[in-house]
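Notes follow once the structure below has been shown.
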There are 2 protein chains.
Amino acid sequence: MTGYELTKAFDRSVNFVWHAVQGQIYPELSRLAAQGLIRQTSTGPRGAKRFETTEEGIAELRRWITTVEPTRGTRNETLLRMFFAYLVDPADAEVFLCREADEYRRQLAILERFAAGPRPKTPSERASGLTVDAGIRANKARIEWAEAAINEVRTW
Amino acid sequence: MTGYELTKAFDRSVNFVWHAVQGQIYPELSRLAAQGLIRQTSTGPRGAKRFETTEEGIAELRRWITTVEPTRGTRNETLLRMFFAYLVDPADAEVFLCREADEYRRQLAILERFAAGPRPKTPSERASGLTVDAGIRANKARIEWAEAAINEVRTW
DNA sequence: GTCCGCATGTAATACGTTACATGATTCC
DNA sequence: GGAATCATGTAACGTATTACATGCGGAC
């Protein structure tokens with residue numbers, strides 16, 4: 001892909017797994033190319049630089065997937081706000097939770113549209129299907145939590 | 001709390017909502033104190049500096065909770081690995097998912113021990129109870145996902 | 001008097017975000 | 001010819017991580 005295409009991809013689908021903004025893409029592509037993990041294949045119109053992975057890049061990705069322990073450090077802004085929710089007016093906490101629930105429903109709808117599409121055929125589609133499933137389950141759990149939490153803060 | 005106590009708190013319970021490492025704590029305490037959001041109350045043994053929130057600090061926290069839209073950018077290392085799981089041997093993907101499932105079960109057990117403790121009495125305990133509930137629901141959903149995913153990668 | 005845990009701090013480096021700057025191509 | 005979109009790049013700033021450095025106090 002080109003840097004521009006990657007930027008668009010991060011704005012769209014990839015976003016619920018990993019996000020990156022435009023300002024990160026180009027320096028990172030340069031770094032990866034300098035390390036030999038990707039390689040520029042062609043130059044298109046308007047100076048577009050198309051990259052592809054190298055064998056070393058794929059090997060490094062495999063190594064990372066299987067041998068590097070995932071970082072567990074969570075940073076959940078919603079829960080951080082809830083942790084201190086007792087400091088605000090219960091009505092404000094409720095408004096906040098309703099907005100969160102709406103956002104989770106919106107995310108869920110996007111993911112369910114993905115899941116409703118054509119059945120995955122390629123290995124890569126099957127793998128990304130698993131991440132969609134994870135997102136659907138996570139958002140359903142979040143919606144149920146938010147609804148239960150709304151009921152609770154009403155009693156505060 | 002003191003910087004040391006905060007560091008320990010981040011190593012323990014607060015960790016599943018927000019994480020921070022020791023190297024961040026002291027510079028951040030200085031910054032918050034310089035902005036008048038916290039204030040040093042006393043000096044203990046071994047030069048321990050105890051801080052408490054100021055009225056302005058609480059006001060700023062309230063403002064942040066109710067008026068600042070949470071950042072939605074996800075960065076899920078597990079799902080990022082799964083997105084590329086088709087590149088590795090299915091047996092390796094299965095091993096990875098089993099390790100993840102174990103980790104989720106471990107987290108769930110910790111949170112359920114919290115939830116099984118004495119019923120929350122203070123507003124602050126009720127609020128943190130909500131975050132524990134969110135963690136329990138999230139981890140249950142993750143476990144179910146991982147188990148389903150393990151079954152799927154076995155067919156690859 | 002030695003070890004462990006309490007306790008603070010910072011320097012180097014890396015990573016991420018925001019904002020700005022620039023220009024080419026296509027479509028109407 | 002003007003607008004929208006494709007397309008790249010970087011500078012400034014802020015935040016996070018790692019690693020190191022140092023010293024006090026209590027227990028035995």
If I take atom [atom1] in residue [X] and atom [atom2] in nucleotide [N], what distance separates them, rounded to the nearest angstrom?
X	N	atom1	atom2	answer
Asp11(A)	dA7(D)	CG	P	14 Å
Tyr26(B)	dA16(D)	OH	P	17 Å
Leu29(B)	dA16(D)	CG	P	14 Å
Gln24(B)	dC15(C)	CD	P	16 Å
Phe51(A)	dA7(D)	CZ	P	13 Å
Phe10(B)	dT17(D)	CZ	C1'	15 Å
Arg12(A)	dT5(D)	CZ	P	11 Å
Glu28(A)	dT8(D)	CD	P	15 Å

Arg46(B) side chain near dC6(C) phosphate (N/O to OP1/OP2, under 4.0 Å):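 Answer is no, no contact under 4.0 Å.
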Contact under 4.0 Å: Lys8(A) side-chain N or O vs dA7(D) OP1/OP2: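 Answer no for this pair, as no side-chain N or O of Lys8(A) is under 4.0 Å from OP1 or OP2.
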same_hphob_cluster(Phe96(A), Trp64(B)) at 4.5 Å side-chain heavy-atom cutoff: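 Yes, it is one cluster - the side chains of Phe96(A) and Trp64(B) are joined through contacts under 4.5 Å.
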Thr41(B) side chain to Glu52(B) side chain, donor-acceptor N/O pair below 3.5 angstrom: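 No.
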Presence of donor-acceptor pair under 3.5 Å, side chain of Gln22(A) and base of dG9(D):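 Check passes, donor-acceptor contact within cut-off.
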Sugar-phosphate, base or nothing in reach of Thr2(B), heavy atoms under 4.0 Å: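 Counting heavy atoms under 4.0 Å across all strands, the contact made by Thr2(B) is with sugar-phosphate only.
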Sugar-phosphate only, base, or nothing, as touched by Gly3(B) at under 4.0 Å among non-hydrogen atoms: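 Result for Gly3(B) = sugar-phosphate.
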Shortest non-hydrogen contact from Arg75(B) toward Ala20(A):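 Closest approach of Arg75(B) to Ala20(A): NH2-CA, 4.0 Å.
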Minimum-distance pair of heavy atoms, taken over all atoms of Ile143(B) and Ala101(B):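 Heavy atoms of Ile143(B) and Ala101(B) come nearest at CG1-O, 4.4 Å.
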Return the nearest nucleotide to the side chain of [X]; candidates are [options].
X	options	result
Pro27(B)	dG9(D), dT15(D), dT10(C)	dT10(C)
Tyr4(A)	dG16(C), dT18(D), dT5(D)	dT5(D)
Val21(A)	dG16(C), dA7(D), dT18(C)	dT18(C)

Pro45(B) vs Arg75(B), nearer the 5' end of DNA chain C by closest nucleotide: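 Looking at DNA chain C, the more 5' nearest nucleotide goes with Pro45(B).
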Whichever of Gly47(A) and Ser30(B) has its nearest DNA chain C nucleotide further upstream toward 5':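 Whichever sits nearer the 5' end wins; that is Ser30(B).
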Most 5' of His19(B) and Glu5(A) on DNA chain D, judged by nearest nucleotide: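 Of the two residues, Glu5(A) wins.
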SB check Arg81(A) Glu77(A) (cutoff 4.0 Å):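 A salt bridge links Arg81(A) with Glu77(A).
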